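From a predicted model like this one, the values you see are computed outputs, not experimental measurements. Because only heavy atoms are used, hydrogens play no part in the values below, and waters and symmetry mates are left out as well, while side chains stay in.
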Amino acid sequence: MNKEFFHIRDKIIPGKEIASKYLEEVSQQVAIMQAKHNISPKLSVVIVGADPASHIYVANKIKTCAKVGITSQLYKLPALTSEKELLALVNELNKEKENHGILVQLPLPDHIDNNKIISAINQYKDVDGFHPQNIASLYLNNTTKSFVPCTPLGCYRLLQKIGFELHGSNVAIVGRSNIVGKPLAMLLLLKGNASISMVHSNSKSPHKITKQADLIVSAAGVPNLINSDWVKPGAVVIDVGMNRMEPSGKLQGDADFDALLPIVKAITPVPGGVGPMTIAMLMENCVKAAKVSLKIV
Ligand code: NAP
């Protein structure tokens, strides 16, 4: 699959199409695993509280599991669930042999310490790749048996699939969160051999930094932040942002898509760009978790 490149039509990167190719590959791997080892990868998803956006994301993940043959189990817990109760569930799922992946949907309610929960997940079942040990493996560029967070991995694979030459390129990443900006910087630096500039809310003249870049990846969560003043003509823009606009409820990225389209080399749409890749990479991580349990990676 890695040698296959995708055609960019009208400068729009076909994230959904690339993701569905990955999902096809995951389905094939699941079928092989069932035939050879008589097991199906299983993902347990835990959601606490009633945040509507989180419930939509979780429903999508469960739906995609069914599509590719991954067994899933959803644990819906009330918002008042205590940290102790959640830790007890995580520990139980850690022990279940037939359960290969555990995903605790973030954000958690304020009274629960995210880091405590993430650290409690068995690192070999942490398909989100947020466990400190998985982060360390990414920093050490030793990810054969560890998990890379799904959104950064999805961005990296998109870039490979459109044939973007990361080696020696100047990349600006807008946003430095633990789930997107920081792990993506490590991935593009260590696996891509790119030079990375990190832009965040304290950056002085951020547009001057991004304007130097061959590639801009934005994960700020600010609609229309990346406009034509921020982008060098001919640059590639990967838009991770997913901002729900009021009152329309429409999903909008961080990039001013219509203004950028005439000047960029290529750009991801929102929706239909990075989002589907994130879910596809989650499915890939679930298969990897099952392989790790079988000691075949
Ligand atoms: P986050 O934790 O809120 O982090 C946002 C980052 O952006 C922070 O580092 C912040 O800087 C920086 N930032 C905010 N405003 C900025 C500005 N005006 N200029 C420059 N930097 C700015 O967000 P996240 O969880 O990483 O998510 C970011 C966006 O990606 C959201 O829209 C989210 O919904 C989306 N997302 C999409 C996917 C997907 O699958 N497509 C997955 C995950 C997230 P400081 O550190 O200085 O505060």
Side-chain angles (χ1 to χ4, degrees), residues 1-2 15-16 18-47 54-76 89-106 117-131 133-135 137-138 143-158 161 179-180 183 187 274-297:
M1 173 122 177
N2 271 339
K16 214 173 158 182
I18 298 173
S20 60
K21 279 280 174 197
Y22 275 106
L23 291 179
E24 269 173 35
E25 196 171 282
V26 168
S27 299
Q28 285 163 13
Q29 287 186 26
V30 170
I32 291 170
M33 199 171 272
Q34 283 163 344
K36 267 194 175 173
H37 302 280
N38 199 25
I39 67 156
S40 296
K42 181 179 171 192
L43 171 68
S44 291
V45 180
V46 183
I47 182 163
S54 294
H55 277 268
I56 293 173
Y57 298 147
V58 162
N60 270 337
K61 290 168 188 174
I62 299 284
K63 202 171 89 188
T64 313
C65 280
K67 208 166 141 184
V68 297
I70 292 175
T71 306
S72 65
Q73 183 149 6
L74 176 59
Y75 295 83
K76 283 187 189 175
L89 174 59
V90 167
N91 286 330
E92 205 178 294
L93 296 173
N94 280 341
K95 282 186 216 143
E96 273 180 20
K97 208 168 169 260
E98 65 279 11
N99 177 57
H100 306 106
I102 302 170
L103 184 155
V104 177
Q105 184 67 34
L106 301 178
I117 302 299
I118 292 166
S119 303
I121 297 172
N122 178 327
Q123 69 183 87
Y124 300 108
K125 298 189 178 192
D126 167 43
V127 286
D128 255 341
F130 299 156
H131 187 283
Q133 207 57 52
N134 283 319
I135 296 169
S137 300
L138 176 60
T143 55
T144 316
K145 289 184 186 169
S146 71
F147 300 99
V148 176
C150 304
T151 303
L153 185 58
C155 293
Y156 178 60
R157 293 283 177 75
L158 267 186
K161 286 290 160 211
I179 65 166
V180 189
L187 209 50
V274 174
M277 285 302 289
T278 296
I279 297 195
M281 294 303 106
L282 173 65
M283 298 301 117
E284 217 184 81
N285 278 351
C286 290
V287 171
K288 188 174 187 179
K291 285 183 179 171
V292 168
S293 83
L294 289 168
K295 299 191 171 35
I296 53 171
V297 259

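Going from atom CE of Met281 over to atom CG of Leu23 covers 8.0 Å, rounded to the nearest 0.5 Å. In this structure, CD1 on Ile296 lies 4.5 Å from CE on Met33, to the nearest 0.5 angstrom. Taking OH from Tyr75 and CD from Glu92, the interatomic distance works out to 6.5 Å, rounded to the nearest 0.5 Å. Going from atom CE of Met277 over to atom OG1 of Thr151 covers 10.5 Å, rounded to the nearest 0.5 Å.
Partners of Ser54 by side chain to side chain contact (heavy atoms under 4.5 Å, CB included), not counting sequence neighbours, listed by chain and number: Ile47, Asp51, Gln105, Pro107. Residues passing the side chain to side chain contact (heavy atoms under 4.5 Å, CB included) test with Ile32, sequence neighbours excluded: Lys36. A search for side chain to side chain contact (heavy atoms under 4.5 Å, CB included) contacts involving Val45 returns Leu43, Val58, Ile62, Leu74, Leu103, not counting sequence neighbours.
Of the possible polar contacts, none joining the Asp126 side chain to the Ile121 backbone as a donor-acceptor pair under 3.5 Å is found. A donor-acceptor pair is defined here as one N or O able to donate and one able to accept, closer than 3.5 Å; no such pair exists between the side chain of Asn122 and the backbone of Asn94. Under a 3.5 Å cut-off, the side chain of Asn134 and the backbone N or O of Gln123 do form a donor-acceptor pair. With hydrogens and angles ignored, the 3.5 Å screen pairs a side-chain donor or acceptor of Lys288 with a backbone N or O of Thr144.
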**Steps toward side-chain contact (heavy atoms from CB on, under 4.5 Å) verdict (Val46, Val90)** = CA-CA 9 Å; Val46 183; Val90 167; 5.7 Å; no

**Prompt:** Under the side-chain contact (heavy atoms from CB on, under 4.5 Å) criterion, do Asn60 and Lys63 qualify, and how do the steps go?
**Reply:** CA-CA 5 Å; Asn60 270 337; Lys63 202 171 89 188; 4.2 Å; yes

**Request:** Let me see the working for Gln73 and Asn99 under side-chain contact (heavy atoms from CB on, under 4.5 Å), right down to the final yes or no.
**Result:** CA-CA 9 Å; Gln73 183 149 6; Asn99 177 57; over 6 Å; no

**Request:** Tell me, with the steps shown, if Leu282 and Thr64 meet side-chain contact (heavy atoms from CB on, under 4.5 Å).
**Result:** CA-CA 10 Å; Leu282 173 65; Thr64 313; over 6 Å; no

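When side chains are defined from C-beta on, Lys67 does not count as touching Met283, because their heavy atoms never get closer than 4.5 Å. A 4.5 Å side-chain heavy-atom check between Cys65 and Thr71 finds every atom pair outside the cut-off. Side-chain contact between Gln29 and Glu284: absent, with no pair of heavy atoms (C-beta onward) separated by less than 4.5 Å. The shortest side-chain heavy-atom distance between Leu138 and Leu187 falls under the 4.5 Å cut-off. For the pair Pro183 and Val148, the minimum side-chain heavy-atom distance is 4.5 Å or more. In this structure, His100 and Ile39 have side chains that are in contact, with non-hydrogen atoms separated by less than 4.5 Å. Looking only at side-chain heavy atoms (C-beta outward), Pro149 and Val180 stay at 4.5 Å or farther from each other. With a 4.5 Å cut-off on side-chain heavy atoms, Lys125 and Leu93 do not count as touching.
The shortest non-hydrogen separation linking Asn285 to Phe147 is O-CE2, 3.2 Å. In terms of heavy atoms, Leu158 sits closest to Gly15 at CD2-CA, 3.9 Å. Listed here is the closest heavy atom pair of Cys150 and Thr278: CB-O, 3.5 Å. Taking all atoms of both residues into account, the shortest heavy-atom contact from Lys145 to Tyr124 is O-CD2, 4.4 Å.
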